[in-house]
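The next block holds one structure in the form of structure tokens; read it before the comments.
Numbering of residues begins at 1 and proceeds along the displayed sequence. From a predicted model like this one, the values you see are computed outputs, not experimental measurements.
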Amino acid sequence: MSDPRAGWSNGDRALTAGKLMLAWVALLWLLEGLDAVTGHALDGFGVTPRDPSELADVVPSSFIHFGFAHLAANTVPLLVLGFLAALAGLRRFLLVCALIIVVDGLGVWLIAPAGTNTAGASGVIFGLFGFLLVTGFVERRPLGVLAGVLVAAVWGGSILAGLAPTQAGVSWQGHLLGLVAGVTAAFVFRRRPEASRALGAP
């Protein structure tokens with residue numbers, strides 16, 4: 001039986017990854033527009049910690065933002081980091097994102113300060129940063145290592161700043177948990193040696 005990945009060129013993978021991330025970001029902007037015209041009705045989908053009913057918001061919270069400025073700050077890093085992570089295969093990318101979203105949301109539900117409401121794609125961004133930072137080392141792929149170094153050079157300072165517990169209105173817990181989840185995903189979903197000879201197709 002032929003390998004369905006064999007027909008996928010680097011251009012195919014890049015085009016598919018780009019379309020996916022543009023669609024993701026478009027969805028976030030659409031949701032924020034809907035939130036604005038409904039008097040911020042969607043803000044209730046953020047996670048309020050240790051309330052059992054809030055467990056239903058663990059996943060939706062990653063797609064909701066508190067205003068267009070909040071969303072704008074997340075748009076470029078989500079686009080770029082998501083695109084880079086998706087280049088190696090959409091199936092793995094979706095699994096990585098699912099793990100990050102669930103672990104980050106549950107962690108925020110468990111440890112965030114009482115009375116807070118946490119939402120936004122920043123947990124996913126920190127998770128993708130962590131994934132890209134270490135996956136090349138985990139899989140011993142020189143190009144992956146180079147990608148991790150470049151990602152660290154561009155966003156490392158912002159990531160460290162986002163982990164500081166002194167910023168008002170910023171969930172450093174969500175950022176830290178997302179980062180840990182992304183690093184964990186690099187190990188959980190690492191490609192085996194025989195699979196690392198070629199990038200996976202969507």
Side-chain angles (χ1 to χ4, degrees), residues 10 13-29 31-32 47 58-65 70-108 118-139 141 143-164 170-191 196 199-202:
N10 290 337
R13 285 188 287 269
L15 182 61
T16 303
K19 287 180 177 179
L20 173 64
M21 294 314 303
L22 287 173
W24 187 336
V25 168
L27 173 63
L28 298 185
W29 281 89
L31 289 173
E32 188 53 37
V47 174
V58 162
V59 173
S61 64
S62 292
F63 298 86
I64 304 301
H65 290 79
H70 183 202
L71 175 55
N74 284 338
T75 294
V76 172
L78 179 62
L79 267 175
V80 176
L81 297 178
F83 173 78
L84 292 175
L87 283 176
L90 295 192
R91 285 187 291 270
R92 185 170 76 152
F93 173 71
L94 294 175
L95 288 171
V96 167
C97 288
L99 186 148
I100 292 169
I101 288 171
V102 171
V103 170
D104 186 54
L106 287 175
V108 166
T118 302
S122 57
V124 177
I125 292 167
F126 276 69
L128 291 174
F129 174 87
F131 175 78
L132 290 168
L133 185 67
V134 304
T135 190
F137 294 96
V138 170
E139 298 175 359
R141 291 185 296 111
L143 286 178
V145 172
L146 177 60
V149 171
L150 292 175
V151 164
V154 174
W155 274 289
S158 298
I159 293 296
L160 288 175
L163 297 175
V170 175
S171 175
W172 66 267
Q173 297 93 343
H175 292 172
L176 177 61
L177 289 163
L179 182 64
V180 171
V183 171
T184 301
F187 287 91
V188 173
F189 299 115
R190 68 186 182 277
R191 281 195 293 266
S196 64
L199 290 175

When rounded to the nearest 0.5 angstrom, what distance separates [atom1] in [X] from [atom2] in [Y]?
X      : Y      : atom1 : atom2 : result
Leu15  : Asn10  : CG    : CG    : 12.5 Å
Leu128 : Ile100 : CG    : CD1   : 4.5 Å
Leu176 : Phe126 : CG    : CZ    : 9.5 Å
Leu31  : Leu27  : CG    : CG    : 4.5 Å

Audit row: Ile159, Leu133, side chain to side chain contact (heavy atoms under 4.5 Å, CB included) steps and yes/no
CA-CA 12 Å; Ile159 293 296; Leu133 185 67; over 6 Å; no

Check [X] against [Y] and note the closest heavy-atom contact, atom names and distance.
X      : Y      : value
Gly105 : Val58  : CA-CG1, 3.7 Å
Asn74  : Ser122 : ND2-N, 3.7 Å
Val108 : Leu177 : N-CD1, 3.4 Å

Suppose we screen for side chain to side chain contact (heavy atoms under 4.5 Å, CB included). Which residues come up paired with [X], at least two apart in sequence or across chains?
X      : result
Thr135 : Arg92, Phe131, Glu139, Arg141, Ala186
Val170 : Gln167, His175
Trp29  : Val25, Phe68, Leu71, Ala72, Thr75
Phe137 : Val145

Side-chain donor-acceptor pairs under 3.5 Å in residues 83-90, sequence neighbours left out?
none

For Thr16 and Arg13, indicate whether the former's side chain and the latter's backbone hold a donor-acceptor pair under 3.5 Å. no

**OP:** May I have the step-by-step check of side chain to side chain contact (heavy atoms under 4.5 Å, CB included) for Trp24 and Cys97, ending in yes or no?
**Re:** CA-CA 12 Å; Trp24 187 336; Cys97 288; 3.8 Å; yes

Q: Measure the shortest side-chain to side-chain distance between Val124 and Ile101 over non-hydrogen atoms and say whether it is less than 4.5 angstrom.
A: yes

Original post:
Can you list the steps and then say if Thr184 with Val103 is a side chain to side chain contact (heavy atoms under 4.5 Å, CB included)?
Top reply: CA-CA 10 Å; Thr184 301; Val103 170; over 6 Å; no

Would you indicate whether Leu160, at its atom CG, is surrounded by more than 12 heavy atoms from other residues, nucleotides or ligands within a distance under 6.0 Å? yes

Should Trp155 and Ile125 be marked as a side chain to side chain contact (heavy atoms under 4.5 Å, CB included) after you check the CA-CA gap, both sets of side-chain angles, and the distance that decides it? CA-CA 10 Å; Trp155 274 289; Ile125 292 167; over 6 Å; no

